[in-house]
Peer 1: 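Before we start, here is the structure in question, set down as structure tokens.
Bear in mind that the values here come from a model prediction, so they are computed numbers and not experimental data. Counting from 1, the numbers follow the sequence of the chain as shown. All ligand and atom numbering here is 1-based and tracks the order in the structure.
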Amino acid sequence: MKVTVVGAGAVGASCAEYIAIKNFASEVVLLDIKEGYAEGKAMDLMQTASLNGFDTRIVGSTNDYSKTADSDICVITSGIPRKPGMTREELIGINAGIVKTVSTSLVKHSPNTILIVVSNPMDTMTYLAHKVTGLPKNRIIGMGGALDSARFKYRLAEALGAPISDVDGMVIGGHSDKGMVPLTRLATRNSVPVSAFISEERLDQVMQDTKVGGATLTGLLGTSAWYAPGAAVSGLVQAIACDQKKIFPCSTLLEGEYGLNDLCIGVPVVLGKNGIEEIVTIDLTDAEKAHMAESAEGVSKTNGLLEL
Ligand SMILES: NC(=O)c1ccc[n+]([C@@H]2O[C@H](COP(=O)([O-])OP(=O)(O)OC[C@H]3O[C@@H](n4cnc5c(N)ncnc54)[C@H](O)[C@@H]3O)[C@@H](O)[C@H]2O)c1
Ligand SMILES: O=C(O)C[C@H](O)C(=O)O
């Protein structure tokens with residue numbers, strides 16, 4: 001199993017590290033445009049192999065796509081992150097050009113690959129990857145919901161005073177401060193609806209904190225987060241590489257599902273060796289449907305800024 005990660009910055013390196021530590025891939029190629037940077041990160045990570053007990057070979061490349069040839073899975077993290085006070089949507093001007101070039105180069109060298117798009121604004125970058133590569137929809141996956149759901153579970157556990165392993169919950173919708181749809185109605189603590197333990201007001205606070213999870217960390221760090229994003233990507237990569245058939249909310253091209261068309265947005269999907277093997281439809285309440293429709297409107301508006 002060969003995995004390429006483009007962008008050896010904060011998220012790309014974290015993602016390569018988690019993939020290696022989980023020890024399911026034979027090779028991870030880290031590629032960056034900055035001279036020597038990916039080679040340096042790859043060497044540093046390889047020097048953790050004997051300490052962390054993995055056999056995955058990590059290789060660095062300065063923009064040489066021949067090293068990525070025949071990758072089973074390619075992850076795109078190249079692009080600029082936001083600074084405090086910015087929205088993810090403001091990154092579109094620079095990141096669209098980067099994602100366009102990178103996704104075309106990756107598919108040229110690995111025509112059978114599955115692409116995972118991470119660069120922001122992620123739902124729009126996933127849509128752009130569809131337009132420029134023409135890959136079938138099961139082979140283009142946007143990562144956002146897996147991260148947002150992990151943050152939702154963190155906030156739920158905090159509110160409940162419960163261990164995170166006792167908590168389950170999912171966030172669908174766009175990966176944006178306003179667009180996320182945390183499904184509080186379906187969140188559980190060991191199969192019991194969380195509403196049995198906390199008030200509606202506290203649950204509403206959990207929802208608001210989840211939606212601004214990325215912005216909160218950007219305010220604290222001065223740039224956006226990387227550990228949880230890297231771990232979330234590694235979870236998707238592992239589900240595909242090991243054909244796990246796990247459900248994650250991912251950004252995928254919708255063609256009528258959830259009443260939406262011609263956009264990529266987060267919905268639950270089954271991930272296995274073919275990438276997205278099924279889009280799972282949940283019966284949403286009228287309020288959740290309205291929240292989802294509003295989220296989709298925001299994503300479509302950002303898609304409208306693309307020069308296609
Ligand atoms: N979808 C998500 O959940 C999620 C989570 C975290 C970050 N992100 C996004 O991921 C992106 C990367 O974030 P980061 O914190 O790793 O940023 P970073 O600046 O640390 O790393 C980005 C790397 O991309 C490289 N790069 C730029 N143009 C390139 C090109 N054409 N080819 C190859 N490499 C190129 C840069 O040299 C840099 O090393 C940002 O757009 C950020 O908003 C998304
Ligand atoms: O918040 C960001 O800009 C980065 C990423 O989308 C995140 O949610 O951490």
Peer 1: Of the side chain and backbone of L217, name the one, both, or neither that has a heavy atom under 4.0 Å from an atom of ligand 2.
Peer 2: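 For L217, there is no contact with ligand 2 at all, from either part.
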Peer 1: Considering V11, V212, N120, which one's heavy-atom position lies nearest to atom 5 (C) of ligand 2?
Peer 2: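 When every heavy atom of V11, V212, N120 is considered, N120 comes closest to atom 5 (C) of ligand 2.
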Peer 1: Please check whether R88 reaches ligand 2 - meaning an N/O of the residue sits under 3.5 Å from an N/O of the ligand, judged on distance alone.
Peer 2: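 Yes; the residue has a nitrogen or oxygen that sits under 3.5 Å from a nitrogen or oxygen of the ligand.
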Peer 1: Looking at E90 and R82, does any basic side-chain N land under 4.0 Å from a carboxylate oxygen?
Peer 2: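 The answer is no: the pair does not qualify as a salt bridge.
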Peer 1: For atom 4 (C) of ligand 2, grab the closest protein heavy atom and report residue, atom and distance to one decimal in Å.
Peer 2: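 Its nearest protein heavy-atom neighbour is S224 CB, 3.4 Å.
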Peer 1: Any N or O of N95 that comes nearer than 3.5 Å to an N or O of ligand 1?
Peer 2: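 N95 vs ligand 1: N/O contact under 3.5 Å present.
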Peer 1: In plain terms, say whether E257 and K137 are close enough for a salt bridge, that is, a side-chain N and a carboxylate O under 4.0 Å apart.
Peer 2: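 Here E257 pairs with K137 in a salt bridge, since their nearest N and O are under 4.0 Å apart.
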Peer 1: Measure L147 to ligand 1 on non-hydrogen atoms and call it side chain, backbone, both or neither using the 4.0 Å cut-off.
Peer 2: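 Just the side chain.
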Peer 1: Check A232 against ligand 1 and report side chain, backbone, both or neither, counting heavy atoms closer than 4.0 Å.
Peer 2: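 None of A232 does.
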Peer 1: What protein heavy atom lies closest to atom 6 (O) of ligand 2? Include the residue and the distance to one decimal.
Peer 2: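 Looking at atom 6 (O) of ligand 2, the protein heavy atom closest to it is H175 NE2, 2.6 Å.
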Peer 1: Among D123, D148, T126, which one satisfies side chain to side chain donor-acceptor pair (under 3.5 Å) with H175?
Peer 2: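 Exactly one option meets the side chain to side chain donor-acceptor pair (under 3.5 Å) with H175, and it is D148.
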Peer 1: Can you confirm whether E158 is buried at CD, in the sense that more than 12 heavy atoms of other residues, nucleotides or ligands lie under 6.0 Å from that atom?
Peer 2: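 Counting neighbours around CD of E158, more than 12 heavy atoms of other residues, nucleotides or ligands fall under 6.0 Å, so yes.
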Peer 1: If you count the atoms of ligand 2 from 1 in the order shown, which ones are under 4.0 Å from a heavy atom of L147?
Peer 2: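 What qualifies from ligand 2 is 7 (C), 8 (O), 9 (O).
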Peer 1: Heavy-atom distances under 4.0 Å decide this one: backbone, side chain, both or neither, for T77 against ligand 1?
Peer 2: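 For T77, the contact with ligand 1 is made by the backbone alone.
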Peer 1: Looking at non-hydrogen atoms alone, which of M125, H175, M122 comes nearest to atom 2 (C) of ligand 1?
Peer 2: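 Selected option, by shortest heavy-atom distance: H175.
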Peer 1: Where the closest heavy atom to atom 15 (O) of ligand 1 is concerned, which of A228, A8, A10, G12 has it?
Peer 2: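 Comparing heavy atoms across A228, A8, A10, G12, the nearest one to atom 15 (O) of ligand 1 lies in A10.
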Peer 1: For ligand 1, is any non-hydrogen atom under 4.0 Å from Y37's backbone (N, CA, C, O), its side chain (CB onward), both, or neither?
Peer 2: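 It is the side chain that gets close, since no backbone atom is under 4.0 Å.
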Peer 1: Nearest non-hydrogen contact with atom 6 (C) of ligand 1 belongs to which option: A146, P229, G7?
Peer 2: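 Heavy atom nearest to atom 6 (C) of ligand 1 belongs to P229.
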Peer 1: When you measure from atom 41 (O) of ligand 1 to each heavy atom in L31, I80, L91, which option holds the nearest one?
Peer 2: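 Shortest heavy-atom distance from atom 41 (O) of ligand 1: I80.
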Peer 1: Once you restrict to heavy atoms under 4.0 Å, what part of R151 touches ligand 2? Side chain, backbone, both or neither.
Peer 2: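 Only the side chain of R151 comes within reach of ligand 2.
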Peer 1: Does T223 come within less than 4.0 Å of ligand 1, judged by its heavy atoms?
Peer 2: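 T223: no contact with ligand 1 (<4.0 Å).
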Peer 1: Backbone, side chain, both or neither: what part of V102 comes under 4.0 angstrom of ligand 1, heavy atoms only?
Peer 2: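 Side chain only.
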Peer 1: Answer with side chain, backbone, both or neither: which part of D148 has a heavy atom less than 4.0 angstrom from an atom of ligand 2?
Peer 2: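 It is neither part, as no heavy atom is under 4.0 Å.
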Peer 1: For atom 22 (C) of ligand 1, which of G145, G79, S78, A225 has the closest heavy atom?
Peer 2: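 Nearest heavy atom to atom 22 (C) of ligand 1 lies in G79.
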Peer 1: Among protein heavy atoms, which lies nearest atom 2 (C) of ligand 2, and at what distance?
Peer 2: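 The closest one turns out to be R82 NE, 3.2 Å.
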Peer 1: So, does S300 use its side chain to make a donor-acceptor pair with the main chain of E297 at under 3.5 Å?
Peer 2: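 The answer is no, because no donor-acceptor pair under 3.5 Å joins these two groups.
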